[in-house]
Amino acid sequence: YNPAGLTAVTGTQLTAGGVLIVPHGGFTDYLYGDKTDMPSQSYPVPNGYLSRRVGDRLAVGVGVFAPYGLGTKWPTDFIGRFDGYKTKLASIYVQPTVAIRATDWLSLGLGVAYIHSTVELHQRADLSQFPLPANPFLPPTTTFAQIGVPAYTDFADANLSASGNGVAFNGGIQIKVNDRLTLGGHFLTRKKIKYTGDVTFTQIPTNLIIPPGTTPLNPTTPLPLDLALAAQFLPDSALSSGAASTEITMPDQAQVGFAYKASDRLMLMADYQQIVWGWFNTLVIDFANPRTPDRTQYEGYKDSHGVRVGAEYKASAKTTIRAGYLYHSAAAPVQTVTPLLPE
């Protein structure tokens with residue numbers, strides 16, 4: 001976590017653990033007042049660290065951890081399904097690290113993190129907002145809503161699965177003021193990850209019939225809409241499955257803090273954290289198929305800030321008790337909070 005802290009270890013140490021995140025909440029549509037509760041879900045976040053002291057002043061290690069990522073799941077019949085009903089972002093950092101105790105009071109560390117990140121996005125497509133296929137009777141910008149298709153009519157299920165890799169750097173410093181007080185800080189660099197993968201479109205039956213005389217295309221006979229839409233899912237059509245890509249910046253983050261040894265058994269700690277989410281302004285999904293329009297969603301994230309306080313109490317030679325409290329501001333502004341992302 002803070003590479004400079006490796007100089008405090010003795011011998012060889014292996015630690016492993018994890019956090020289980022269980023989000024809960026709901027989404028209320030302000031126009032109709034309908035509330036949808038988030039179904040039960042959980043996301044495990046693992047970590048593991050191996051460290052070894054190799055001399056009086058040198059230590060090495062490797063860490064596996066996940067500083068960013070989460071997910072959301074919603075029912076497929078709620079109003080936000082057209083933004084996303086299932087989203088998952090996972091970023092695993094594998095970080096070899098070296099640390100040196102430059103003086104009796106100063107330690108420095110540097111880690112190089114290899115990032116492997118995956119993203120999943122599942123959403124529905126609203127037929128009422130979809131443009132009509134090219135025809136000689138209506139303008140090219142005519143949508144299905146303009147010929148009577150109701151709003152929020154599902155007609156396609158879109159699933160994007162992609163992955164990407166990158167490298168970031170993690171630097172740290174620790175200053176031992178005296179036998180009781182230690183100051184520390186670290187900085188993790190940002191990295192823009194380019195995700196490449198595939199998107200699949202699956203047709204969803206609407207069971208709609210366009211009455212005779214509604215459009216110039218069916219002056220005398222009913223038009224089964226699903227039959228007409230099937231052509232949009234054929235190869236080289238607007239909704240044919242194929243390659244897709246996107247980019248997300250794993251942001252910079254920095255922490256400064258202290259640890260104070262109040263007694264032989266009690267340690268008090270606190271730190272301040274800033275995550276530079278301001279780099280995440282838009283989410284663009286680029287479809288390789290030129291007939292499928294690219295999607296751009298404005299996010300407008302701002303930097304987030306956190307304060308953490310904690311205590312560690314050695315109850316016995318074999319038992320240590322830890323407790324802490326975290327307050328963290330949100331990165332997503334109110335205007336761009338959607339069901340797509342956890343905030």
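Since we're looking at a predicted model, the values are computed, not measured.
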Set out, in order, the CA-CA distance, both residues' side-chain angles and the distance that settles side-chain contact (heavy atoms from CB on, under 4.5 Å) for Gln129 and Thr143, then state yes or no. CA-CA 6 Å; Gln129 304 302 312; Thr143 65; 5.7 Å; no
May I have the step-by-step check of side-chain contact (heavy atoms from CB on, under 4.5 Å) for Phe27 and Ile79, ending in yes or no? CA-CA 9 Å; Phe27 185 87; Ile79 198 169; 4.2 Å; yes
Check the pair Ile285, Leu160 against side-chain contact (heavy atoms from CB on, under 4.5 Å), reporting the backbone distance first and the verdict last. CA-CA 9 Å; Ile285 300 177; Leu160 170 67; 4.2 Å; yes
Should Thr97 and Asn170 be marked as a side-chain contact (heavy atoms from CB on, under 4.5 Å) after you check the CA-CA gap, both sets of side-chain angles, and the distance that decides it? CA-CA 9 Å; Thr97 304; Asn170 188 5; over 6 Å; no
If you apply the rule side chain to side chain donor-acceptor pair (under 3.5 Å), what do you find for Asp252 with Thr189, and how did you get there? CA-CA 5 Å; Asp252 320 76; Thr189 62; over 6 Å; no
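Judged purely by atom type and a 3.5 angstrom limit, Asp198 has no side-chain atom pairing as donor or acceptor with the backbone of Ala162. A donor-acceptor pair is defined here as one N or O able to donate and one able to accept, closer than 3.5 Å; such a pair exists between the side chain of Gln41 and the backbone of Lys73. Between the side chain of Ser263 and the backbone N or O of Arg265 there is at least one donor-acceptor pair closer than 3.5 Å. Of the possible polar contacts, none joining the Tyr93 side chain to the Val167 backbone as a donor-acceptor pair under 3.5 Å is found. Looking only at distances, a side-chain donor or acceptor of Ser329 sits under 3.5 Å from a matching main-chain atom of His305. Between the side chain of Asp126 and the backbone N or O of Tyr152 there is at least one donor-acceptor pair closer than 3.5 Å. The main-chain N or O of Glu120 is never found under 3.5 Å from a side-chain atom of Ser161 such that the two would form a donor-acceptor pair.
Ion pairing between a basic and an acidic side chain is recognised when a charged N comes within 4.0 Å of a carboxylate O; Arg57 and Asp104 show such pairing. Between Arg295 and Asp83, at least one side-chain nitrogen of the basic residue sits less than 4.0 Å from a carboxylate oxygen of the acidic one, meeting the salt-bridge criterion. A salt bridge does not link Asp264 with Lys314: every distance from a Lys NZ or Arg NE/NH1/NH2 to an Asp or Glu carboxylate oxygen is 4.0 Å or more.
For the residue pair Ser117 / Ser91, a side-chain donor-acceptor distance below 3.5 Å is found, with atom types taken as modelled. Of the N and O atoms on the side chains of Arg52 and Thr12, at least one donor lies less than 3.5 Å from an acceptor on the other residue. With 3.5 Å as the limit, one finds no donor-acceptor pair spanning the side chains of Tyr195 and Asn165. Side-chain contact of Asp226 with Thr206: a donor-acceptor pair under 3.5 Å is present, judged by distance alone.
Residues Ile248 and Ile193 form no side-chain contact, since every pair of their non-hydrogen atoms from C-beta on lies 4.5 Å or further apart. Here the side chains of Tyr272 and Gln274 are in contact, with some heavy-atom distance below 4.5 Å. A 4.5 Å side-chain heavy-atom check between Gln297 and Thr282 finds every atom pair outside the cut-off.
Residues Phe130 and Phe155 place their aromatic rings such that the two centres sit under 6.0 Å apart. Ring to ring, Phe233 and Phe201 are not that close: their centroids are 6.0 angstrom or more apart.
Remark: Arg308 is not positioned above the aromatic ring of Tyr327, lacking an NZ or CZ atom under 6.0 angstrom from the ring centre and at most 45 degrees off the axis. Cation-pi geometry between Arg81 and Trp74 is not met at under 6.0 angstrom from the ring centre and within 45 degrees of the axis.
Ala231 and Ser237 get closest at one heavy-atom pair: O-OG, 2.9 Å. Contact between Pro44 and Ser42 at its shortest, heavy atoms only, is CD-O, 4.1 Å.
With rounding to the nearest 0.5 angstrom, the NZ atom of Lys192 is 9.0 Å from the CH2 atom of Trp279. In this structure, Leu181 CG and Tyr260 OH are separated by 8.0 Å, a value rounded to the nearest 0.5 Å. The distance from the CG atom of Asp154 to the OG1 atom of Thr76 is 8.0 Å, given to the nearest 0.5 Å. A distance of 7.0 Å separates CD of Gln273 from CG of Asp271, quoted to the nearest 0.5 Å.
The side chain to side chain donor-acceptor pair (under 3.5 Å) test with Asp157 singles out one residue from Gln203, Arg124, His122, and that residue is Arg124.
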